[in-house]
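Working notes for the structure below.
Reckoned from all heavy atoms, side chains included, excluding hydrogens, waters and symmetry mates. Each ligand, and each atom within it, is numbered from 1 in the order the structure gives. All values derive from a computational prediction rather than experimental measurement.
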Amino acid sequence: MHHKISLSQFITEQHRQSLVNEDLSSLLNDIATACKQISHLTSQGDLMGTWGDSDSENIQGEVQKRLDIISNDYMFNALNWTGHLAGMVSEEEDEPMDIPDIYPRGKYLALFDPLDGSSNIDVNLTVGTIFSILCCEQGIKPSHQDFLQKGGKQVCAGFVLYGPSTMLVLTTGQGVNGFTLNQEIGEFYLSHPKMKIPQDTQEFAINMSNQRFWEAPVQQYIAECIEGSDGIRGKDFNMRWIASLVAEVYRILTRGGIFIYPYDFKDPAKEGRLRLMYEANPIAFIVEQAGGLCSTGRERMLDIAPKEIHQRVPVILGAKNEVNRLDSYYKEFDACK
Ligand code: MG
Ligand code: MG
């Protein structure tokens, strides 16, 4: 059999080339361990009675699935003792999570969505874990402000996809690499080196049921895609919508496309649907490292100065030429307002 590079080997080699330091390499291995536990849990389906809603809500007012809570515990317990982190932020916790006083605090911050797409759990569709790593002052007890760094400051980001196979997609700022979990051996192996998003596409992903609430730039962009070869695009488009961010992004990383979750007037007070700190930012870092773009339509995602740890943002990501096209429609629209 062809020799495959394990995640441990890959991280060690990155460390030898001084691309990541020792703390970060060790932290990445610990994150991988937590994700293997979540992978095992999700692969069991409801055999252990873990499907369904819990009796609590998260800060966004969403009912937490039982698996949301268990996955959050796995992440917290796999990372709190390591000495590499000063604190953590999770989608499932209103406030940043402190490192227990019995353990040393390190110089990194971890922000994560322990189980993305968890509304898909009960229908057995792909879910995932998304994580983002930022730096902070060594040993501090971080405040909200310490977490509120621009996405451009991330030192590492990744997501794990619990689909027919479990995959880890990772960037430390030198491109994007994909690893597949060998379930028997319990190790991730490099299966998709140097992932790249094609600059053009004929596939878009958007929740069409919100169409009447969209702003004009999105209306125009999607109308032109649907006109296909009869319209100014001169080519036919296909539509995809899995309603699971990690699954959409993985598809775009492997065969291209554009994903749009825009601002809309359905709930005008909400800036967007997806969360900036532990969904949009890590995904944007990965997408840009793979040669794609990620914006809100009006601003590059990684340039946003965050205001709150659970802030929501509109998200447009994927093929460079398509994101640029839609961004230019926003620019024209805003210029005429
Ligand atoms: Mg999520
Ligand atoms: Mg989640």
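Electrostatic pairing of Asp303 and Lys150 does not count as a salt bridge here, judged by no charged N lying under 4.0 Å from a carboxylate O. For the pair Arg66 and Asp53, the salt-bridge criterion is not met [side-chain N within less than 4.0 Å of a carboxylate O]. Under a 4.0 Å N-O distance rule, the pair Arg233/Glu224 does not qualify as a salt bridge.
Of all protein atoms, those that are N, O or S and lie under 2.8 Å from the Mg ion (ligand 1) total 3.
Residues satisfying the side-chain hydrogen bond (donor to acceptor under 3.5 Å, both in side chains) criterion with Asp68, sequence neighbours excluded, are Ser118.
At distances below 3.5 Å, at least one donor-acceptor pair connects side-chain atoms of Ser244 with backbone N or O atoms of Thr126.
Using cut-offs of 30° and 60° for the angle between ring planes, the Phe237 and Phe204 rings count as tilted.
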